[in-house]
Amino acid sequence: MAYEPIDLPHRERFSDWFPEFLKKELAPYPGRGALVARIVISATLTMILIVTFRIPGGFIGALTAFLFSRENLISTARSAISMIVWFLLGALFIPVGARLFSSTPETHFLWVGCSLFLAFVMLRCLANYAMVIGSAIVIGNVVSIWYLPGPAETNVELTLWFILATSIGALVTLGVEVVFRGLHGGDDLVEGIDPRLALIENLMRDYANGRPVSPATQAGLAQFAMVGASGLRRHVARANYGQLYRTQMTTLVSLVARSIDFGAGLASAFPSLPAELRQRAGRISRSLADIRSCLRTHGQPAHAPLEPLPSPGTPLLSEVESMVSLMPSIFSGENAPDPGVEAIDDAPTASRIFIPDAFSNPEHLRYVLGGTTAAMLCYVFYVSLDWPNLSTSILTCLITALTTIGSSRQKQILRVAGFVLGGVIAGIGAQIFVLPYIDSIVGFTLLFATMTAIAAWIATSSSRLSYAGVQFAFSFYLIHLSEFHIQTDLTIGRDRVLGVLLGITMMWLVFERFFPHSAADEMVRIFVVNLRLLADFSSSSPRANNPADILKIRRQREEIYRRFGEVTAQSDAVPFETGPSRARDMAARDRIRRWQASLRSFYLLEVPLVRFRIFGGTDPRSQPFRAFENDFRFECARIFRQMADDLESQHATRAHRISTPASFVDRIDSTSATIAAEISESERTLIRATRTIAELVDRLQSQVASEGLYDLPQTSAFLPTAAEPNSG
């Protein structure tokens, strides 16, 4: 089968791309309004309780509405309980430590430094998201409260008020989610994937029926292409799913996201398809309807799988067909592992406290030291000036470190944008122009809800913009909700805004100037590392009776899965980078995201082969199949290592030499035909799965060999130029 190079559209100049980016990011999409409404209701109810019962330091209580996990009711309940438990632990431990070491400035300085170091360790290394949030908020606030030489009684009282305010926010948010789930029900993940599949199905149905693509379908595809799938990936990562189901859904999300990208480009370039391609569009439409049914009912595919074919002049159709052809394998019974594979897939992640490489990855130490340095610079600055209201800078450092987006430059842009919008324009602007005319809680509630709605709308964008919404809310709440009364003193508002600016500046200074990292370089580097990990994973020979082998396989799978997320995070940050290499970096981003979708599929489809290799079946494996299996996995490993070497060379030299690799599928077909009479039926089933994987690997190696990673796309009649997709 021939494979066609395909260049995805992208903007080459930041000034051209950014306005369109904002327009698409802020446009509505299914489910966005409901999510924003829940955030606004939670934050506003928390604010009313805080003001009514005169609770100081309530801004964090309202902010919890933005920080909660909302994938399902169980995830939300766990977030609330975990956060409250961590607040209580902080209330018991930190004041004791502060009191023990606060007698002299020297020991107090040491205590602050150790506390902040511990906070950044938790931010980087804890596996539970709610624990991460709780630890950051507790330490940041208590360090600010226990400022020399404050009386111990006052400090303890303020700490307890802070615990109460955040607990109220957590419980209110949980209550709103309980009511919403009771009225609405459903699964956010399925409800996020199904509309995307429905749009592609509608597109293919329009093509199959020979009618122009409907404007609603075209607009929906363009919108989802811009929004991307980062929200769905967060759903999968934080929800209470088993490892296997999480792997399956992550793969499906990746395939759906790439299908949306290609479908948006296809709809923009082709209002209708030539008559000879309409039958293929009909098959794709029927397959998508089958996949949607499987997704809703957790069933099995009913239709025969698609066979991707070249389509000269319309390669985007082939790409959509290829992505859709891989989706049924996620639901197929042939790819569902038996209970024996649970030893590999179902590690006790729910009880894990730290991430797998918490104490082995040197990148974590760099991050922790950088964050601690930035926070301590803030502390030294405001203590030296005896300007305690600037202590908000420490909490700013910790809150800004919560995000997992890809690059320091992207983080900096979002921090500054959120700070200016929420702190300067909305925060101080409201103090000057609005609050003098408000004399009741009703007026303040309307102002608060309006600003929260704006922040929540921004926060529900893709990961490339969402953090600006959190920063908006944080800056606004810090000015208007730190006390339990309407704050019209511009001096206090000024100091808090300057504290936020100080924290942002120090984080920029440390991470952008002292530890600069190009998101494009990191994206390629991590992708190459993952190729080598997949090569090692494919060629491994674990034994079922050796716990060390099972543990090694489990760790390999966890690391591969984690690096998929890291590649996606870095690719989302590439558009924010500027300079002469931006166009080539964007071209590399397009290709890396497309190739990663194939790697995710390989990662999932390899599961039954690993299971069979480790645990075997009811019948012993025949010698011909053993030889076939060894040849297959070592050839996979060789291909992945060759691709890694090729991409590594291109990253170093920016040069590419086109090559034509031998067909892996032909090799599989030739070998399987030779041994067909000597193998069992179960082994034939495994060979069919092996051939599916070989087609995937063949396609991937052909694309890597024929397309230069940094080659700029050629202008073509069939390529759109208006959309900048975001997924991978």
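The shortest side-chain heavy-atom distance between Ser272 and Arg211 does not fall under the 4.5 Å cut-off. Looking only at side-chain heavy atoms (C-beta outward), Leu317 and Ile284 come within less than 4.5 Å of each other. Counting heavy atoms from C-beta on, the side chains of Leu221 and Leu266 never come closer than 4.5 Å. Within the 4.5 Å cutoff, the side chain of Tyr710 has no heavy atoms near those of the Arg591 side chain. The shortest side-chain heavy-atom distance between Asp206 and Ser214 falls under the 4.5 Å cut-off. In this structure the side chain of Asp646 reaches within 4.5 angstrom of the side chain of Gln650, judged on heavy atoms. Between Val528 and His651, every side-chain heavy-atom pair lies at or beyond the 4.5 Å cut-off. Between Leu533 and Gln556, the closest side-chain pair of non-hydrogen atoms is not below 4.5 Å.
Between Ile291 and the options Leu197, Val256, Asp194, Leu255, a side chain to side chain contact (heavy atoms under 4.5 Å, CB included) holds for only Leu197. The side chain to side chain contact (heavy atoms under 4.5 Å, CB included) test with Phe640 singles out one residue from Asn530, Leu700, Asp536, and that residue is Leu700.
Note that CG of Asn202 and OG of Ser285 are 7.5 Å apart. Values are rounded to the nearest 0.5 Å. The CZ atom of Arg205 sits 11.0 Å away from atom CZ of Arg286, with the distance rounded to the nearest 0.5 Å. The line from CG of Leu534 to SG of Cys636 is 10.0 Å long, rounded to the nearest 0.5 Å. Atom-to-atom distance recorded for Met643:CE and Gln703:CD is 10.0 Å, nearest 0.5 angstrom. The CZ atom of Phe602 lies 8.5 Å from the CD1 atom of Ile560; values are rounded to the nearest 0.5 Å. Within the model, atoms CG of Asp711 and OG of Ser706 stand 10.0 Å from one another, a figure rounded to the nearest 0.5 Å.
Under a 3.5 Å cut-off, the side chain of Asp698 and the backbone N or O of Ser663 do not form any donor-acceptor pair. Judged by distance alone, with hydrogens and angles left aside, the side-chain atoms of Ser571 form a donor-acceptor pair with the main-chain N or O of Thr568 at under 3.5 Å. Between the side chain of Tyr207 and the main chain of Leu277, no donor-acceptor pair closer than 3.5 Å is present.
Residues Ala281 and Ala208 share a closest heavy-atom pair of CB-N, 4.0 Å. Of all heavy-atom pairs spanning Pro575 and Arg582, the tightest one is O-NH2, 2.8 Å. Nearest approach of Glu321 to Arg283, heavy atoms of both residues: OE2-NH2, 4.4 Å. Contact detail for Val324 and Ser287: the closest heavy-atom pair is CG1-OG, 3.8 Å. Between Arg32 and Ala27, the closest heavy-atom pair is NH1-O, 2.8 Å. The shortest heavy-atom contact between Leu295 and Leu252 is CD1-CD2, 3.9 Å.
For Arg699 and Glu695, the salt-bridge test fails: no basic side-chain N is under 4.0 Å from an acidic carboxylate O.
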### Query
How far apart are the C-alpha atoms of Leu599 and Leu531, what are their side-chain angles, what is the distance that settles it, and do they pass the side-chain contact (heavy atoms from CB on, under 4.5 Å) test?
CA-CA 8 Å; Leu599 282 185; Leu531 281 172; 3.7 Å; yes
### Task
Tell me, with the steps shown, if Ile200 and Phe224 meet side-chain contact (heavy atoms from CB on, under 4.5 Å).
CA-CA 11 Å; Ile200 307 172; Phe224 275 128; over 6 Å; no
### Task
Please report the C-alpha distance between Phe262 and Arg594 in whole Å, then the side-chain angles of each, then the deciding distance to 0.1 Å, and finally whether the side-chain contact (heavy atoms from CB on, under 4.5 Å) criterion is met.
CA-CA 10 Å; Phe262 293 125; Arg594 176 157 44 98; 3.2 Å; yes
### Message
Before you tell me yes or no, could you show the steps for Met204 and Val320 under side-chain contact (heavy atoms from CB on, under 4.5 Å), namely the whole-Å CA-CA distance, both residues' side-chain angles and the distance that decides it to 0.1 Å?
### Response
CA-CA 10 Å; Met204 293 298 132; Val320 173; 4.1 Å; yes
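Residue-environment remark: CD (Glu276) exceeds the threshold of 12 foreign heavy atoms within 6.0 Å.
Thr173 and Arg38 are not linked by any side-chain donor-acceptor pair at a separation below 3.5 angstrom, with hydrogens and angles left out of the test.
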